[in-house]
Amino acid sequence: MFVSTPSRKKPGLRWAVPLLFVAIWLAFLWSISRPDEARRSLWLDWGALSTGLGNPQDWWAALRDGSVLRLFTALFLHADWLHMLGNLVFLLIFGPPAERMLGPWRLLLLFLLGGAAANLAALYVMGTPERTIIGASGAVSALMGTYLALFPGARLGLVLPLGLFLEFVRAPAFLLIGAWAALQVVFAYIGPSFGMVAWSAHVAGFLFGIIYGLYVRAAIARRLRKSHGF
């Protein structure tokens, strides 16, 4: 006679990545439904702070009028389909495994705080108050940094075109993500000459994600040791 005794708790509902996915989609569909002039006005009103936060007086004013929240609302605005779909692809690749390890609340906090920190870093680096930053690229970069910190030995699948055939290979995550991060640093150094992209936001978000992932990984390890009595 065999008795079924579950050895692990049933995993909780993972809702953070689906919620972010739907929120980004709805925000984009809402924005493209507006006329061009109204859409640009939307970016200016809800994009990352175009006035900058260069001194304590700016911070105090942004906190008083609530405009500091634009560091977060900018994450859900995108310029076009390519911009939006590119971020969603990376969200779906790195978000679910990170959420399994972190839980939905920690992942949501990572997305929002990492994206806001990336936007803030880009505003300081650009130094041009008349420009506005939109998009979830900084937040997605933070997800990638945390993924690398949580799963340093993971392998990612790639499809390589070899002549008339497609070859599926698996490569170390640290190699692929490391190459991506190096390119972001190079593009950030080149600056506007390589497209109207906030490359510095990618770098800042990635570094934030690594620090966040290392901290959370250590906290999870401490909790597991405590639960096992050592």
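Heavy atoms only: backbone and side chains are in, while hydrogens, waters and symmetry mates are out.
In this structure, the separation between CH2 on W43 and CG on L77 is 9.0 Å, given to the nearest 0.5 Å. Taking CE of M144 as the reference point, atom CD of Q184 lies at 7.5 Å (rounded to 0.5 Å). Summarising the geometry, atom CG belonging to L107 is positioned 8.0 Å from atom CG belonging to L91; distances are rounded to the nearest 0.5 Å. Atom CZ of F174 is separated from atom CZ of R155 by 8.5 Å, given to the nearest 0.5 angstrom. The structure places CG of L143 at 10.0 Å from CD of E99, a figure rounded to the nearest 0.5 Å. Note that CZ of F151 and CE of M101 are 4.5 Å apart. Values are rounded to the nearest 0.5 Å.
Among all heavy-atom pairs drawn from T132 and G47, the shortest one is CG2-CA, 3.5 Å. Closest of all the heavy-atom pairs between F111 and L75 is O-CD1, 3.9 Å. The minimum heavy-atom distance between A116 and F72, with the atom names listed, is CB-CE2, 3.5 Å. The heavy-atom pair separating A118 from A201 by the smallest distance is CB-O, 3.2 Å. For the residue pair A149 and P152, the shortest heavy atom distance occurs at O-CD, 3.7 Å. Annotation for A16 and P104: closest pair CB-O, 3.4 Å, computed over non-hydrogen atoms.
Residues L110 and F208 meet the side-chain proximity criterion, which asks for heavy atoms closer than 4.5 Å. The closest side-chain heavy-atom distance from L26 to W30 is not below 4.5 Å.
Two different hydrophobic clusters hold L82 and L88 under the rule that ILVMFWY side chains link at heavy-atom gaps under 4.5 Å. I134 is connected to L42 through a chain of hydrophobic side-chain contacts under 4.5 Å among Ile, Leu, Val, Met, Phe, Trp and Tyr, so both are in one cluster. In this structure, I210 is a member of the same hydrophobic cluster as L109, with clusters built from ILVMFWY side-chain heavy atoms closer than 4.5 Å. Each of W199 and L207 belongs to its own hydrophobic cluster when Ile, Leu, Val, Met, Phe, Trp and Tyr are linked at side-chain heavy-atom distances under 4.5 angstrom. In the hydrophobic clustering of this structure, L19 groups with L113; members are Ile, Leu, Val, Met, Phe, Trp, Tyr whose side-chain heavy atoms approach within less than 4.5 Å, directly or through other members.
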**Request:** Under the ring pair (Phe, Tyr, Trp, His ring centres under 6.0 Å) rule, what do W46 and F76 come out as? Steps first, then yes or no, please.
**Result:** CA-CA 9 Å; W46 295 97; F76 300 92; over 10 Å; no

**Request:** Apply side chain to side chain contact (heavy atoms under 4.5 Å, CB included) to H83 and S137, showing your working.
**Result:** CA-CA 9 Å; H83 186 202; S137 301; 3.9 Å; yes

**Message:** Evaluate L102 against Y212 for side chain to side chain contact (heavy atoms under 4.5 Å, CB included), listing each step before the verdict.
**Reply:** CA-CA 11 Å; L102 299 175; Y212 185 92; 4.3 Å; yes

**Request:** Please lay out, stage by stage, how S141 and W180 fare under the test side chain to side chain contact (heavy atoms under 4.5 Å, CB included).
**Result:** CA-CA 10 Å; S141 299; W180 171 89; 3.3 Å; yes

**Asked** Between N87 and I24, is a side chain to side chain contact (heavy atoms under 4.5 Å, CB included) present by the stated rule, with each step listed?
**Response** CA-CA 10 Å; N87 284 330; I24 291 172; 5.8 Å; no

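Here the side chain of R70 pairs a donor or acceptor atom with the backbone of L44 at under 3.5 angstrom. Although no hydrogens or angles enter the test, the distance criterion places a donor-acceptor pair under 3.5 Å between the side chain of T146 and the main chain of A142. No donor-acceptor distance shorter than 3.5 angstrom exists from the side chain of S31 to the backbone of R39, with no hydrogens or angles considered. Side chain of H78 to main chain of A136: a donor-acceptor pair is present (N/O by atom type, distance under 3.5 Å, no hydrogens or angles).
At most 12 heavy atoms of other shown residues, nucleotides or ligands fall within 6.0 angstrom of atom CH2 in W105.
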